[in-house]
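Let me begin by presenting the structure, written as structure tokens, before commenting on it.
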Amino acid sequence: MRKTLTALMALGLLAVPAAAHATPRPHAQETFRLPAPTGPHAIGERDIRLVDPVRDRELMISVWYPARPAGEPLTPYLSEKSAAVFDQGAAAMGVQRGQVDWTGVRTHAHAGARPEGRWPVVLYSPGWGSLRTLGTSTVEDLASRGYVVVTMDHTGEAPFVEFPGGRIVLGQSGDDLPAGLRTRVADARFVLDRLPTLAGLAPAMDLSRVGMFGHSFGGDTSAEITTEDPRVDAAADLDGWLAYDVNGHQPTRAGADGVTRPVLLMGSAGSTSDGQARSHLTSASWESLWEHTSGYKRDVTLPGAMHYSYTDLQSIVPQLDALPDVRKLRIGTIDPARSTAIQRVVIAGFFDRILKWR
């Protein structure tokens, strides 16, 4: 099981104190910018609370989409309340609490802007014990290229989730990954069920063309859902293990049996026990999926990248006065701009091929 989550996989936000408060901030705070989207479309964003009465479960999702802005403000990267909790895990990024002005950072999406056009839909799931926010850079870029991208937090497993009115629900630490994967797949399927009901957004979604991707366990979730839900046409796994152990000897269903849909695998050396870059040539579960998947598949490894190179940390950490050893552990030695550019091209190219027939 993932006993080394805090050191190897997580951001250090898994054990947030029950009464987390913002640490007093220094006079001169650092900040950062997310890389600008590369597609031709302006984008909008909306945060939505969903309630599943069958499972007595509530979720928060964000919808990112091509839009026609009319002066709406850019959405913040983190709200004030979320930033106060997020800052508790600052040490995992090599910075001190209060060092970074998380609330001053803006995304490139216009809050509540009017959608324009009709587009394929792609779901995003974050890593185990992580947050949908950390996929913002990739998500924005996909939306700017002509996709409706729906990101989700998995309540209870995520370190925290902010609901409307500023209500914060903290996560519960645990390592029952099989149960967690079942919950995640159910979350994603429920979100798909509800998308046609979203007022003002449903007409922008072409739900006959659906993909899913995610980082780490979110990538495992994306592969797994294709074994259960025929609505998902393609899956991209960004450095997920496809297993319940780091060496891939306890594979998920997708890892053991392969998938019947197109699949993209992107690996790094930051999620392996021996420091080898993860690929279908080095990981037992990736090899199994590869051998049992007869359809279109692609495996891309980024030399010099680490596990969190596949999140916003690839862009954030280099802009901060972060500890060098922490920077190397989280995002490796790959050039940050090159890493971001490659990921954007590969991920968008994969979904273009499958969902736009390019």
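Here the structure is a predicted model, which is why all the values come from computation and not from measurement. Just so you know, residue 1 is the first one in the sequence shown, and it goes up from there.
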Going by atom types alone, do E157 and T183 pair a side-chain donor with an acceptor below 3.5 Å? no
Main-chain N/O of G135 paired to T138 side chain as donor or acceptor, under 3.5 Å: no
Dump the intermediate steps for side-chain contact (heavy atoms from CB on, under 4.5 Å) on T155 and F163, then the final yes or no. CA-CA 10 Å; T155 311; F163 288 95; 3.9 Å; yes
So do L131 and P126 actually touch side chain to side chain, heavy atoms under 4.5 Å? no
Is there a side-chain contact between T221 and V185 in this structure, where contact means two heavy atoms from C-beta onward sitting under 4.5 Å apart? yes
Taking only residues two or more places apart in sequence, or in another chain, which ones meet R338 in a side-chain hydrogen bond (donor to acceptor under 3.5 Å, both in side chains)? none
d(R330 CZ, M93 CE) to nearest 0.5 Å is 8.5 Å
Are M306 and L238 joined in one hydrophobic group, where the rule is that I, L, V, M, F, W and Y side chains link up if heavy atoms are under 4.5 Å apart? no
Closest heavy-atom pair, G112 versus R46, reported as atoms and distance to 0.1 Å, is O-NH2, 3.7 Å
Using modelled atom types and a 3.5 Å cut-off, is there a donor and acceptor pairing between side-chain atoms of T227 and backbone atoms of A254? no
Would you call the rings of H280 and W290 parallel, tilted or perpendicular, where under 30° means parallel and over 60° means perpendicular? parallel
Assess whether salt bridge (Lys or Arg N to Asp or Glu O under 4.0 Å) is satisfied between D193 and R231, documenting all intermediate values. CA-CA 10 Å; D193 290 343; R231 292 174 294 182; 2.8 Å; yes
Just by distance, do the side chain of Q319 and the backbone of T31 share a donor-acceptor pair under 3.5 Å? no
Is the side chain of D312 donor-acceptor paired with the backbone N or O of T136 at a distance under 3.5 Å, no angle test? yes
Q343 and S339: side chain donor to acceptor below 3.5 Å: yes
For the pair D87 and R97, find out whether any cationic side-chain nitrogen is under 4.0 Å from an anionic carboxylate oxygen. no
Taking everything shown except R118 itself, do over 12 heavy atoms lie less than 6.0 Å from its CZ? yes
Partners meeting side-chain hydrogen bond (donor to acceptor under 3.5 Å, both in side chains) with D274 (sequence neighbours left out): Q276
Counting only heavy atoms not in E30, do more than 12 sit closer than 6.0 Å to its CD atom? yes
Should the pair K356 and Y147 be classed as cation-pi, given the thresholds of under 6.0 Å to the six-membered ring centre and 45° from the axis? yes
Between D47 and S62, does any side-chain donor sit less than 3.5 Å from a side-chain acceptor? yes
Is there a donor-acceptor pair under 3.5 Å between the side chain of R278 and the backbone N or O of G275? no
Among E224, R132, R184, find the residue that satisfies the side-chain hydrogen bond (donor to acceptor under 3.5 Å, both in side chains) test when tested with S125. R184
Given salt bridge (Lys or Arg N to Asp or Glu O under 4.0 Å), test D187 with R55 step by step and report yes or no. CA-CA 10 Å; D187 286 347; R55 296 186 297 156; 2.7 Å; yes
Would V63 and M205 count as a side-chain contact (heavy atoms from CB on, under 4.5 Å) if you check the C-alpha gap in whole Å, the side-chain angles of each, and the deciding distance to 0.1 Å? CA-CA 11 Å; V63 185; M205 303 181 193; 4.2 Å; yes
Looking at every heavy atom in both D101 and V105, which two are closest together, and how far apart are they? O-CG2, 3.7 Å
Does the gap between the ring centers of H215 and Y124 come in under 6.0 Å? no
With side-chain contact (heavy atoms from CB on, under 4.5 Å) as the criterion, how do R298 and V346 come out once you've worked through the C-alpha distance, each side chain's angles and the decisive distance to 0.1 Å? CA-CA 10 Å; R298 191 175 183 191; V346 171; 4.2 Å; yes
Should L289 and W286 count as side-chain neighbours, where that means a heavy-atom distance under 4.5 Å? no
Shortest non-hydrogen separation from P35 to T340 and the atoms involved: CG-CG2, 4.1 Å
Cluster check W102, L313: I/L/V/M/F/W/Y, side chain < 4.5 angstrom: yes
Cationic tip of R353 above Y296 ring, under 6.0 Å, 45° of axis: yes
Specify the closest pair of heavy atoms between A188 and L123, including all atoms of both residues, with the distance to one decimal. O-CD1, 4.0 Å
Is it the case that the side chain of T75 and the backbone of H110 share a donor-acceptor pair, with hydrogens and angles ignored and the cut-off at 3.5 Å? no
Quick one: are V263 and T226 in side-chain contact, heavy atoms under 4.5 Å? no
Where H307 and S216 come nearest, the two heavy atoms and their spacing: NE2-OG, 3.0 Å
Flag the pair S222 / D237 as yes when at least one side-chain heavy-atom distance between them is below 4.5 Å, and no otherwise. no
Just by modelled atom types, is the Y308 backbone N or O under 3.5 Å from a matching donor or acceptor in the T311 side chain? yes
Straight-line distance of S309 OG to I342 CD1, nearest 0.5 Å: 10.5 Å
With a 4.5 Å cut-off on side-chain heavy atoms, are I48 and L201 touching? yes
Does anything in residues 38-64 pair up under ring-ring contact (aromatic ring centres under 6.0 Å, His included), and if so which pairs, sequence neighbours excluded? H41-W119
Check whether any side-chain heavy atom of L198 sits under 4.5 Å from a side-chain heavy atom of I61, and report yes or no. yes
Could you tell me if the side chain of L195 sits less than 4.5 Å from the side chain of L192, heavy atoms only? yes
Could you tell me whether the side chain of D233 and the main chain of G211 form a donor-acceptor pair under 3.5 Å? no
Sub-6.0 Å ring centroid separation between F32 and Y77: yes
Decide if atom CZ of R33 counts as having more than 12 heavy atoms of other residues, nucleotides or ligands within a radius under 6.0 Å. no
Do D239 and S271 have a side chain donor and acceptor closer than 3.5 Å? yes
Apply side-chain contact (heavy atoms from CB on, under 4.5 Å) to E287 and L242, showing your working. CA-CA 10 Å; E287 179 185 11; L242 294 173; over 6 Å; no
Are R261 and D229 within salt-bridge range, i.e. N to O under 4.0 Å? no
Determine whether more than 12 heavy atoms belonging to other residues, nucleotides or ligands lie under 6.0 Å from atom NZ of K81. no
For the pair Y65 (side chain) and R114 (backbone), establish whether a donor and an acceptor sit closer than 3.5 Å, ignoring hydrogens and angles. no
Same cluster or not: I334 versus L329, using hydrophobic residues (I, L, V, M, F, W, Y) connected whenever any side-chain heavy atoms lie under 4.5 Å apart? no
Ignoring hydrogens, what is the shortest heavy-atom contact between E58 and R167? Give both atom names and the distance. OE2-NH1, 2.8 Å
Between NZ on residue K297 and NE2 on residue H292, distance to nearest 0.5 Å: 10.0 Å
As an exercise, state the distance from CD of E162 to CD of E80, rounded to the nearest 0.5 Å. 10.0 Å
Just by distance, no angles: are the side chains of D141 and T38 close enough, under 3.5 Å, to form a donor-acceptor pair? yes
